Amino acid sequence: MMRRFPQIAPPLIALAILLVAWELGVRYGFLKPYQFPPVSRIASGFVELSTIGFPTGVSIWSHTLTTLVRVLLGYVGALALAIPLGVVIGSFQVLDKLTAPLVVFCRSVATLSLLPLVIVWFGAGELTKVFLIGYGCFWVMLSNVIAGVRYVDPVLVRAARTFGLHGGELFRRVVLPAALPRIFAGARMALGVGFMVIVGAEMIGTIEGLGALIMEARTFYRSEITIIGMLIIGVIGFAISAGLTALERLLLPWAGNLDAVRR
Amino acid sequence: MSEILKTLRSNDLALGLIGAVAAVGVWEICARTGVVDPTLFPSPSLAISAAAQRLTAETLADNLMWSLFRVFSGFILGALAGAAIGIAAGWYRGFGTIVRPLIELLRPIPPLAWIPLAIIWFGLGEPSKLFIIFLGAFFPVVTAAYQGMRSIDPVLLRAAQTLGLDGLPLLLWVAVPATAPDLATGVRIGWGLSFGVLVAAELIAADRGLGYMIINERNTGGSVGVIIVGILLIGALNLLTDAAIGAAIKRWVGRWHGA
Amino acid sequence: QAVETDTLNISIGPDLPFLVHIVAKEKGFFAEAGFKNVEFKTFASGNLAGEALLADQIQLWTPGNLPPVSMAHNGVPVVVLGTNAVSHGLEKIVVRADAGVENPEDLYKTKLGLLVSSTSGALLTNLAKHYGLDATKIQTVNLAPPEAMAAMANNEVQGIIFWEPFPYRAVKEQAAKIVHTGTKSFFAKNNGEDVPVSNNRTVWVASQDWVKANPNAANALVKSLLKAQAYVADPAHKDEVLKIYSDVQKQPIEMNQALIDNYIFTPKVDQAYVDDMAAIADYLQATNRIQGEKKDILTYTYTEPMKAFDPALVQIEGQWKP
Amino acid sequence: MLDHDNLARCALRRSEAPVAKRTTSPFLQFIAINSVGKTFAARTGSSISVLDCVDLTIAENEFVSFVGRSGCGKTTLLNIIAGLEDATQGQITIAGRPVTGPGQGQGVVFQQHALFPWLTAVDNVAFGFRKSGLNKTDRRQKAMDLLTLVGLEAAASKYPREMSGGMQQRVSIARALALDPQILLMDEPFGALDELTRIELQHELLRIWEAQRKTVVFVTHSINEALMLSDRIVLLAPNPGRIKRVFDVDLPRPRSRTEPRFNALYEEIWDELST
Amino acid sequence: MLDHDNLARCALRRSEAPVAKRTTSPFLQFIAINSVGKTFAARTGSSISVLDCVDLTIAENEFVSFVGRSGCGKTTLLNIIAGLEDATQGQITIAGRPVTGPGQGQGVVFQQHALFPWLTAVDNVAFGFRKSGLNKTDRRQKAMDLLTLVGLEAAASKYPREMSGGMQQRVSIARALALDPQILLMDEPFGALDELTRIELQHELLRIWEAQRKTVVFVTHSINEALMLSDRIVLLAPNPGRIKRVFDVDLPRPRSRTEPRFNALYEEIWDELST
Ligand SMILES: Nc1ncnc2c1ncn2[C@@H]1O[C@H](COP(=O)(O)OP(=O)(O)OP(=O)(O)O)[C@@H](O)[C@H]1O
Ligand SMILES: Nc1ncnc2c1ncn2[C@@H]1O[C@H](COP(=O)(O)OP(=O)(O)OP(=O)(O)O)[C@@H](O)[C@H]1O
Ligand SMILES: [Mg+2]
Ligand SMILES: [Mg+2]
C-alpha cells in the first residue's frame, strides 16, 4: 500500500490543483460557469442526480444500469457471432483474403450514419440500440479473431503435427489456444467501441441511459450534468478495461502479454 | 484456368475485389428478388439511382470535399497533439504519470458526448467540428506513441548515448524515429476513427459534408438511397485513403522496419 | 441614438413564426433601424441555435418558451425581449385511426411519441391534469419528429404530440386523426370544447452580454421586430406576407395558409405571458429539469425597448435592466 | 515419387564428384535419403532449388550431425525427414517405409520457441503422450519421469515464459522423448544458449542417447559441438544445398577437445567449410 | 564517490581471498576499477547486490575479456565502464579522470540490434561523427572510410534489416570506431553469429586492434573466443558479481586452438568456471 501510494499521488495532486484552479477561475469570473461548470456545481449535480434524478425519478444509477445492460447485450451478441465466424474465416486463407476489404469497410462505417437506416429496419425500440452497439463491437472483434487464428506461430503448428495432431484436434488443441491472447485483445477493443457508440444509440426513443442523459442535459443547458455523464462513462470504461486485463491475467496466466506470444 | 486461379490466389487485391463485388452482387440479388424489402434496404443500383435523382454531382462533390477537408484537418491536429503528448508522456516520466490516468479516463467518452461542450467552447463553426474529429484521431495516436516510447529497445538509447547524444537530441534523433513504427500503426487507426466520427462532427450545424448529407436526409425524411450512398462513400473514401497512407508508411517506415 | 453595430445574425427555422423576421428584412424594417447587414442562419435543431447564441454567433434567437426558461434557471445569462407569436393551437395530439382513442382515458392504452424535453411534455401534463388522468401512467417514447412519424406508421407508437407541420403531415400521409390541440378538444365526450392546455409561445431571446454591450442596437432590434409583427398581424396584409414568406422559404403557400391561423402575433407582456412562462417553469421543476428555487420570470424579461415603442404593450414591467 | 530422370541425373552427379561416403550394408540403412531435392516457388514465379540430389543413409542408433553455412538447407532437409515438408524430388524411407508425414516415429526438437506457451512444463511433455492411449494421470506421471530425466522436476508447473532458455530446451527434449521416437531430429537445439548451459545440455543429450539408444539427426553451426557429439558429420554446401563431404568421427566417448585427432578433424572440417 | 567504509571492506575481502592479479605500475593503470559495487532496487523493496568489490586495472592497448555465467554481472560492469550506469560504490577512472557519463572516449559495441534501423549503414556510422564538428559530406566520407576498413563499402546504402548479422556487427564496430575512442567496449558482440562468421570477425577485430592500438574490453560467453583474442581473461562469479580469477594469456598471436598451452588454459578456466 505504502509502495503504491507514490504512484497514485502525482496524478491525484495534479488533478486536485486543476480542480481548485477551475473552481477559483469560475468564482473570480475568468471562466463562465455555463461553459466550465465549477466543481462545486458538478458535485451538487451529482448528489441531485443520485437522489432526485434527471429527469425526476430517473436516478444516475438507473441511467448507468440501463446503459450497461444495453452495452452488454450488444457486446455479448457481437462476440457470440464474431468468434465462430472469425474462426472460420481465419482458418481458410482464401476466405480471409476474399473478405478482408469487406471487413475493413464495414468496420469503418460509422455507427451513427447507420442510425437512420436502423430506425427504419428495427424501429425506435431497444433492438435498435442494441443493434448499433453490437454492430460497432462485431467488426472489431471479427478482425481480431481472424488475425488471431491466422497468425498463429507456424512453429507451434509444426510441433503439434510431429505429435500426430491434425484437423479438428490440431485446431482445438493448438490453433485456438494460441489465438486466445489476440481474441482477448479484440474483446477488450470491442468493448471500448461499444461504449463509444452509446450516445448515438441512445439518441432515439429513450430518456434513460447515460447517452440519453447527456443529450437531455444538453437540451436544458445543464452542462454540469453533461460532464457528470461523460465522467461516469469514462470511469466505467476505465474500470471495465482494467477488469478485463485482470480477467485476462486470470484466464491466460501463461500469456504474460500479447507481445510475448506475437512474433 | 488453373494459371489464372494461381495468380489470383497470390494476389490479395484481386481476391479482395472479387469478395467485395460478390457481396454487392448478393445484396443486389437479395433486393431484386425480394429477400430483403427494397424499400427498407434498397439494392445498390436502386440506391444510386435514387441518390442521383436527389443530388447533383456537384453537390455530392462539394459534400465530399468538405468532409475530406474536415477529416484531414481534424486528423492532422489530433495526430500531432497525440504524437507530441504521447511521446512526452513516454519520455518524461513525471509528465507521464500525470497525464496518463487523465487520458485513460477521457478515452472511453464517446465523441458524440463531447458535442455540447464542443459547441460551448468552440462555437458552431469549423473549430467545433474539427475538435470532434481531433478526438477521434488523438486517442489512438497518443496511446500508440506512448506504447512505442515505452517499448524502445534500450540498447538503441544506450548506443546513442555512447555516441555523445543526450537530452533533447537523444529524444529527437533516436527515440522518435525508434517509435515511428508504432506511431505509424496509431496514425492509421486514428485516420480510420477520424472517418468514424465524421458523422458526429457534422451533426454540429453543418450545411454540407457527407455526414450532414446522411443526417439531413434522415431529418427531412428523404430517401434511404441517399443515406446508403453516403455510407458507401464515406467507407470507400476511408478505404482508399487508408490504402494510400498504408502505402506511404510502407515506403517510408517499411524501408527499414520490414513489416 | 446610433446603433453600436450594423450587423445582425438571426436564427430562423422553417416554420411560420419566422414570418416576422422575414418580413422585417424584406420590407426593410431592419434597414430602417440601422442594420445594414442582417443575415439569417438556420440550424438543424433548437439546441444548436441556443448554443449559437451563447457562442455569440447569433444575436437573436426565437425559440419556444421552454429553452429560455430552462436556460435562465440553469445559470445561462439570457434575456427575453418579448413574445414573437402565441401558438397555443399549434401543438396537437394525433393518433392512429385504428388506435381506438375516443376519450381521454383511452390514452392509457397507447404509447405516445413526443420530445420529452419540449413543450409537448408540458402539454401532456396539463392535459392529464385537466382530465384527471395520471400523467405518469401514460406511456411515452422520447422521439424526434422524423422518427416519431416513422414509428407511428409502424404502429410502434399509436400517437404523437408535436407542433405543426407534423400533425398536418400525419393527417395527410397516414390518415391519422387529431384528438386534441393546445386549445381545443376533439374527444368524443367534449368535442369542440375549448380546453387550453398549451403554454406554447415563441419568444425573442438575446444574450444578456450582448444587450449590455449594445443597448441601442437592442432597442432598435425590438423596434423593427415590433413593426414587422404589427404588419404581419394586420389581416389586410395576410396574403402579401404569406407570399413573401413562402417565396423566401420555398414552401407551398397552401400549407402556410392552412397553418397561419394557429398563430397570434402579439408581443404583449401581460399576465398571459407570465402565466405561460410560469407553467413551463413548473413543468420543468416538477421533472427536475431545472435546479433550485423557481425564478421570477420578470427577472429575465427586458421590457424597456418595447415600452419605448408603445407603452400600451407592456402591462407588467420586466425587472431586467442592462 | 520415384522419378527415374532425377535418379539418373543424381547418379551422374555422384560419379562426377564422388563424396567420401560410408559404404552401407542394408542393415545400416535405417534412414535412407535417396536423391532428395527441394525447390521452392519464388515470388517472381521462378523457383529456387534449395536442395539437390541429397543421398545419405543413416544407421539405427547412429548420431549424425549436419553442419554448413547459414541458408544451405539444413533445416529444410531436417523438415523433410520429419515429414513436415515434402521433397520435390527423390524419397526418404525410415526402416524401409517411405515418409509421408510427421508422427511416423520422428520426434523433433526445434531451435526455440516451440513449446506451447499455454501449457506448463509438465503439460507440454504430457502433450507428447497424446497418442499413447494412456489416461491423464498416467500421462502426467510419465511426463514427470521425463522431466526428472532432464533434471527439471522442480519446474514442472512453470509456464514456458517463466523458464530460462536452457530450461525451455530441456522441456523440448523431454517432450520429444515422450513420443518414444525411434529418431530424434534436432534443429540447432542449443543455438541460443550460453556456452556453459550448452555444454551441460550436450552432456545430457549424450547420456539420454546412450541410455535410450535413439537415432539422432542433429543440426548445428558449431563444428565443435558436432565433433563432441556425433558419429558422423555431414557437411552441406549451399546453392543448391547438397552434401559436400561426410566425416567419420572415430573418437571414443567421452571426447576431449584437446585430443589431437579431435583437432585434426576440426581443422579438416574448417578447411572444407571455408573453401 | 570515494566511500572509505567500502574501500576498507573491499581491502579486507581481498586479503581474505587473494585473486591472482597482475601487479600494475601506475603507467599501466589506464582504466582503474576501484572497489566498484552495484546494487539494484528490487521490486520487493529490498535491493540486489549485482557487483561487489570489483578491483581491476587495465593497461593502455590491452585486450581484456570478461567471462562468466549468465547473470554474473558482465554487462553491468561494462555499462559502468561505459558510463551508461553509475556504480553504487567505488569508482572507475580512465587515464586518471573519473568516469561520469558516456562519451568520454569509450566506444561501445553492443551484442546485437543496436544499429539504428532507420539509418543506412553509412548513416549509422556517420552518426558516430555527430560531435566531431564535421560537415555532412565530410562525415559521410569518413564513414565510408570506416566501412571500407571493415570490408563493407559495397553495403553502404543498405538498411540494417537488409544485412546479415555478421554485416550488422561490422557496421557496429565501424560506428564505435567513428568516435575514435581510446577504449572499445564490446558486449558479446559476436554472440548471435554462426561460428564461421564469428571466426572471421574475430580475425578482423584483431587486425583493427593491432592497427589502431585501442584498449579493448570484451565480454563473451565463449572461453575459446576469449582465449583466441585477449591478453588477459577476467573470470567473474555470480551472487554477488565479483572477480573470481584473472588469467594471463601469454600466447603469441596468431593463436591456434591446437597449441597445448591454449588447451591447458582452456581446461583451467573451464574448471574454475564450473566449480
Ligand atoms: N518457404 C520458403 N520459400 C522460399 N525459400 C525458402 C523457404 N524456406 C527456406 N527457403 C530458402 O531455402 C534456403 C535454405 O533454408 P534453410 O532454412 O533450410 O537453411 P539452414 O541451413 O537451416 O539455415 P540456418 O543455418 O540459417 O538455419 C534458404 O536460402 C532459404 O532462404
Ligand atoms: N535494472 C535491473 N534491475 C534489477 N536487477 C538487474 C537489473 N539489470 C540487471 N539486473 C540483474 O543483475 C544481474 C547481472 O546482470 P548482467 O546483465 O550484468 O549479467 P551478464 O553477466 O551480462 O549476463 P548475460 O551473460 O546473460 O548477459 C542479473 O542477475 C540481473 O538479473
Ligand atoms: Mg535452420
Ligand atoms: Mg550481458
Side-chain angles (χ1 to χ4, degrees), chain B residues 79 83 86-87 90-91 93-94 96-97 141 144-145 147-188 245-259, chain E residues 75 78-85 99-121 123-133 139 143 157-163 168 171-172 174-181 183-189:
Chain B
I87 285 171
W91 190 249
R93 212 170 251 280
T97 46
V141 174
Q147 297 296 356
M149 289 302 284
R150 303 308 300 176
S151 54
I152 294 177
D153 191 343
V155 92
L156 289 182
L157 298 177
R158 295 207 145 148
Q161 282 176 338
T162 64
L163 298 173
L165 262 72
D166 54 8
L168 204 60
L170 185 63
L171 173 64
L172 290 182
W173 299 118
V174 180
V176 171
T179 319
D182 290 275
L183 209 54
T185 319
V187 159
R188 277 184 80 170
I245 291 184
I249 287 175
K250 202 166 184 168
R251 272 193 61 172
W252 174 56
V253 176
R255 255 196 326 212
W256 48 268
H257 188 248
Chain E
T75 298
L78 200 79
N79 282 342
I80 296 174
I81 302 175
L84 290 168
E85 277 180 50
V99 172
T100 55
Q104 292 178 286
Q106 314 101 310
V108 183
V109 179
F110 297 88
Q111 180 160 13
Q112 52 176 330
H113 303 307
L115 289 180
F116 302 121
W118 56 91
L119 298 178
T120 57
D123 288 333
N124 258 291
V125 179
F127 201 98
F129 290 112
R130 294 213 132 258
K131 295 270 150 168
S132 62
R139 288 211 297 253
S157 59
K158 285 200 156 125
Y159 285 97
R161 72 170 182 100
E162 300 167 330
M163 290 187 276
Q168 290 184 22
V171 178
S172 285
R175 187 179 63 178
L177 290 175
L179 275 176
D180 195 17
I183 304 168
L184 214 47
L185 303 170
M186 308 178 88
D187 190 3
E188 296 182 30

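Numbers restart at 1 for each chain; the letters A, B, ... are given by sequence-line order, proteins then strands. None of the values given here were measured: they were computed from a predicted structure. Quick note: numbers below take in every heavy atom, side chains included, and nothing from hydrogens, waters or symmetry partners.
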Problem set entry | Per-residue contact mode, B:W173 against chain E (heavy atom under 4.5 angstrom) | both
For this session: Considering only heavy atoms and a distance below 4.5 Å, find which of E:E85, E:Q106, E:K158 pairs most often with chain B.
Result: E:E85
For this session: With sequence neighbours excluded, tell me which residues meet ring-ring contact (aromatic ring centres under 6.0 Å, His included) with E:F116.
Result: E:W118, E:F127
Seminar exercise, completed: Residue pairs meeting salt bridge (charged side-chain N to carboxylate O under 4.0 Å, His left out), one or both in residues 101-121 of chain E, sequence neighbours left out, come to none
For this session: Please state whether the side chain, the backbone, both or neither of E:D187 comes within less than 4.5 Å of a heavy atom of chain B.
Result: neither
Exercise. What are the two closest heavy atoms between E:A114 and B:A159, and how far apart are they?
Worked result: O-CB, 3.8 Å
Exercise. Can you pull out the residues in residues 151-158 of chain B with any heavy atom less than 4.5 Å from chain E?
Worked result: B:D153, B:V155, B:L156, B:R158
Problem set entry | Contact class of E:L115 relative to chain B, heavy atoms under 4.5 angstrom | backbone
Seminar exercise, completed: Assert top hit (heavy-atom pairs under 4.5 Å, partner chain B, pool E:P117, E:P102, E:G83) equals E:P117
Exercise. Where on E:L179 is there a heavy atom nearer than 4.5 Å to chain B: the side chain, the backbone, both, or neither?
Worked result: side chain
Problem set entry | Per-residue contacts, residues 162-169 of chain B versus chain E, heavy atoms under 4.5 Å | B:T162, B:L163, B:G164, B:L165
Exercise. Which bit of B:A160 comes within less than 4.5 Å of chain E, counting heavy atoms only: side chain, backbone, both or neither?
Worked result: both
Exercise. In terms of heavy-atom proximity below 4.5 Å to chain B, should E:Q111 be classed as side chain, backbone, both, or neither?
Worked result: neither
